[in-house]
Amino acid sequence: MLDHLITGATVVDGTGAPARVADVGIKDGRVAVVAPGVTAESRTGEDARGLVLAPGFVDPHTHYDAQLFWDPYATPSLNHGVTTVAGGNCGFTLAPLHPARPEDADYTRRMMSKVEGMSLVALEEGAPWSWRSFGEYLDALEGRIAVNAGFMVGHCALRRYVMGADAVGGQPSDAQLQRMVALLHEAMESGAWGLSTTQSSTHSDGDGAPVASRHARPAELLALARAVGEHEGTQLEAIVAGCLDRFDDAEVDLLVELSAAAGRPLNWNVLTIDAAVPDRVPRQLEPSERARKAGGRIVALTMPILTPMNMSLGTFCALNLIPGWGDVLGLPLPERIARLRDADVRAELLRRATGEEAGVFRRLARFDQYVIGDTYSDANAGLAGRVVGDIAAERGQEPFACLVDICANDRMRTVLWPMPTDNDAASWALRAATWEHEDVLLGGSDAGAHLDRMCGAPYTTRFLGDCLRGRKLVGLERAVRMLTDDPARLFGLRERGRVTEGYHADLVLFDPATVAAGPATLVHDLPGDSPRLDSKALGVRAVWVNGVEAIRDDVVTGAVPGRVLRSGRDTRTVATK
């Protein structure tokens, strides 16, 4: 007897094969049958005529490492059909923690709050912080999550464990490097998917110092990469400064050497595609071309949607990452307001924001295109929803000066929504062409991070809606494959990513006429009443994880059928040659 039978669904199986109408039976957490006219008895069932049944989506870049402790459903990703998440990215993980230094947990919380935009209160109150080894961290999640989750081990945590405070600014001795490598081996033996690291200039800890892995030299990185290659089903993930715009020659060399030394795929985040910068995509894909010749594989993650960003001049946001801006936006509030109202200061900030050094953040300098969100003062009454350029024209002001005045009236609490500068037809055509590359993968949501500033988790349903009823850049079958089988194959996931007999029953049932994502809204549902952006899933009828219904009509069922996916057991090695 089947556990559940879904009849009459339009099955898009994840392989790219044409959709077909079939019944799908689930038994013992697996897809038991995919065929028309199934007559087997079933404990429960439903009529899915007119609906699409697809594999659960795989998000290759998330930061749910902490959130899963207070939100086992990984919302809103699960609502939007994501059944498997990859965490532990960018060099940042909550484990290992040195047992003799309890202060390391506080350091880690403050670092995650700063660099990944997580609520410090939520981190303090929402997670148990009871683990020491990476394996103990994975064990703490086992049996209590509703999604499948796999984790890289972060280079910063390895360095901190071995070197203590010297991890920031210091170099390991030979013995310390050997201990770091041994610790990485221990993590992978416990199920870590591999190593993640960062050398990005935008990544600073809670004290404002470059995070630990930014101090690592190539020899250290290569020693760790070689260790990754000794374990089955492992990967590399790396962030360097050039990920934001264009790699320099040394970064290309490093990425290629890391993948080749490990003999494992390396993915990086995120490839920004803009027709106004036509040389960026070829340059960013150069490591992929060179890696194949060197015996490695380098995969660029890119988002298939434009992710809305919630910003302000009062909290840390992407503007702080523009060279020179953090020095001003990090000042105490009265001094910050005074400096921003100084015309010479504004001119210098604009110069730096529009210069080559700003890289991809140059797009944030179009202040005339910002939309005003929530306001908090009588002086700003009626401005919500209006474009700064229009307000500035009415007032006879330069747009940035106008924006500063508006924000100052709210004591810098004004919510700002920068409008994308790459929403033109040429940029979308370039995206569609870039998606054809064998080393380009959809993803990069950062779900679980930057919680009150961006909401990338709904990219799956928003992309499907665009494919079905919007720009239609990709057909439905290919779109589903890009969200399911493609990332599952990159990570070597065993029997996941397809609606195929014998595969795990990770499934999403949706209405092709309405599937989409609602607008991002600010909610206060984190521990400590901390805020985050959320988005409703539209048109998603149900989501199953390992054969158990976890979502029904955008509401969690309370079941926690997810599994901690461990390297080797749940992943196989993906060849790079």
*Between CD of E286 and CD1 of I298, what distance do you get to the nearest 0.5 Å?*
10.5 Å

*Are V543 and L507 close enough that some pair of their side-chain heavy atoms sits under 4.5 Å apart?*
no

*So which heavy atom on F510 is nearest to which on A54, and how close?*
CE2-CB, 4.1 Å

*Kindly indicate, with the supporting measurements, whether the criterion side-chain contact (heavy atoms from CB on, under 4.5 Å) is fulfilled by L442 and M303.*
CA-CA 6 Å; L442 298 192; M303 286 289 275; over 6 Å; no

*asked:* If we ignore hydrogens and angles and just use 3.5 Å, is the side chain of S196 paired with the main-chain N or O of G91 as donor and acceptor?
replied: yes

*Short side-chain donor-acceptor distance under 3.5 Å, S213 and H155*: no

_Worked verdict on T461 versus V540 for side-chain contact (heavy atoms from CB on, under 4.5 Å)_ = CA-CA 8 Å; T461 53; V540 176; 3.9 Å; yes

*Which pair of heavy atoms, one from Y73 and one from A559, lies closest together, and at what distance?*
CE2-O, 3.6 Å

*Check each of D485, L483, V480 against P55 using the side-chain contact (heavy atoms from CB on, under 4.5 Å) test, and report the only one that passes.*
V480

*Centres of the F92 and H203 rings: under 6.0 Å?*
yes

*Contact check, side chains of L493 and D570, non-hydrogen atoms, under 4.5 Å*: no

*Compare all side-chain heavy atoms of V147 with those of T84 and state whether any distance is below 4.5 angstrom.*
no

*Examine distances only and state if a side-chain atom of R566 and a backbone atom of S190 form a donor-acceptor pair shorter than 3.5 Å.*
yes

*Output yes when R43 and D3 qualify as a salt bridge under the 4.0 Å nitrogen-oxygen rule, no when they do not.*
yes

*Would you say the side chain of S535 lies within less than 4.5 Å of the side chain of R462, judging by non-hydrogen atoms?*
yes

_Considering all heavy atoms, the nearest G194-L184 contact_ = O-CD1, 4.4 Å

_Check: G502 main-chain N/O paired with R30 side-chain donor or acceptor under 3.5 Å_ = yes

*Mark yes or no for whether T93, through its side chain, and G154, through its backbone, hold a donor-acceptor pair below 3.5 Å.*
yes

*Would I273 and T302 count as a side-chain contact (heavy atoms from CB on, under 4.5 Å) if you check the C-alpha gap in whole Å, the side-chain angles of each, and the deciding distance to 0.1 Å?*
CA-CA 8 Å; I273 302 172; T302 191; 3.7 Å; yes

*Evaluate the side-chain proximity of R297 to S288: yes if any heavy-atom separation is below 4.5 Å, no if none is.*
no

*Give the minimum heavy-atom separation between H4 and W544, together with the two atoms involved.*
NE2-CZ2, 3.7 Å

*Intermediate values then yes/no, salt bridge (charged side-chain N to carboxylate O under 4.0 Å, His left out), E142 and R563*: CA-CA 7 Å; E142 198 75 72; R563 296 175 187 164; over 6 Å; no

*Fit a plane to each ring of Y137 and W131, take the angle between them on a 0 to 90° scale, and name the class: parallel (under 30°), tilted (30 to 60°) or perpendicular (over 60°).*
perpendicular

_Reported SG-to-CG distance for the pair C90 and D446, which is rounded to 0.5 angstrom_ = 6.0 Å

*Report yes or no: does R498 contribute a side-chain atom to a donor-acceptor pair with the main-chain N or O of Y503 at less than 3.5 Å?*
no

_For W129, does the six-membered ring have the charged nitrogen or CZ of R109 within the cation-pi criterion, i.e. under 6.0 angstrom from the centroid and within 45° of the normal?_
yes

*Can any side-chain N or O of T576 pair as donor or acceptor with the backbone N or O of G295 at less than 3.5 Å?*
yes

*Should we count CZ of R541 as having more than 12 external heavy atoms under 6.0 Å?*
no

*If you measure only the distance, is there a donor-acceptor pair under 3.5 Å linking the side chains of S77 and D59?*
no

*Using the side-chain hydrogen bond (donor to acceptor under 3.5 Å, both in side chains) rule, take T75 and N79 through it: C-alpha gap first, then chi angles, then the decisive distance, then the call.*
CA-CA 6 Å; T75 61; N79 302 69; 5.1 Å; no

*Should R110 and E116 be marked as a salt bridge (charged side-chain N to carboxylate O under 4.0 Å, His left out) after you check the CA-CA gap, both sets of side-chain angles, and the distance that decides it?*
CA-CA 10 Å; R110 291 187 298 106; E116 293 297 348; over 6 Å; no

*So, for R496 and R489, which heavy atoms are closest and what is the spacing to 0.1 Å?*
O-NH2, 3.4 Å

*asked:* Has R453 got a side-chain atom pairing as donor or acceptor with F316's backbone, closer than 3.5 angstrom?
replied: yes

*Regarding R160 and the six-membered ring of Y107, is the cationic atom NZ or CZ under 6.0 Å from the ring centre and inside 45° of its axis?*
yes

_Any side-chain to backbone donor/acceptor pair from H98 onto A100? Under 3.5 Å, distance only._
yes

_Side chains of L258 and L221, heavy atoms from C-beta outward: is any pair under 4.5 Å?_
yes

*Apply side-chain hydrogen bond (donor to acceptor under 3.5 Å, both in side chains) to the pair N148 and N546, showing each step before the final yes or no.*
CA-CA 9 Å; N148 304 308; N546 297 310; 2.9 Å; yes

*Determine whether more than 12 heavy atoms belonging to other residues, nucleotides or ligands lie under 6.0 Å from atom CG of D207.*
yes

*Would you list the pairs meeting ring-ring contact (aromatic ring centres under 6.0 Å, His included) in which at least one residue belongs to residues 207-232, sequence neighbours left out?*
H185-H231

*Answer yes or no: does atom NZ of K27 have more than 12 heavy-atom neighbours from other residues, nucleotides or ligands under 6.0 Å?*
yes

*Taking the six-membered ring for Trp and the full ring for Phe, Tyr or His, determine whether the centres of W193 and F151 are under 6.0 Å apart.*
no

*asked:* I need the minimum non-hydrogen distance between A550 and L78, along with the two atoms involved.
replied: CB-CD2, 4.0 Å

*Does the separation of the ring centres of F463 and W435 fall below 6.0 angstrom?*
yes

_If you define the side chain from C-beta out and look only at heavy atoms, does anything of P76 sit under 4.5 Å from R532?_
yes

*asked:* Quick check for you: to the nearest 0.5 Å, what is the distance between D554 atom CG and R552 atom CZ?
replied: 12.5 Å

*Sub-3.5 Å donor-acceptor pair from the side chain of T460 to the main-chain atoms of H80, do we have one?*
yes

*In Å and rounded to the nearest 0.5 Å, what is the NE2 to CG distance from H61 to N269?*
4.0 Å

*Is a donor on one side and an acceptor on the other found under 3.5 Å between the side chain of T234 and the backbone of V228?*
yes

*Just how far is it from atom CD of E186 to atom CG of L158, taken to the nearest 0.5 Å?*
10.0 Å

*Given side-chain contact (heavy atoms from CB on, under 4.5 Å), test E232 with M188 step by step and report yes or no.*
CA-CA 9 Å; E232 184 181 2; M188 291 184 290; over 6 Å; no

*Once you round to the nearest 0.5 Å, how far does CD of Q284 lie from CD of E251?*
8.5 Å

*Close side-chain approach of V240 and T198, heavy atoms under 4.5 Å*: no

*Is E230 paired with R264 through a side-chain N to carboxylate O contact shorter than 4.0 Å?*
no

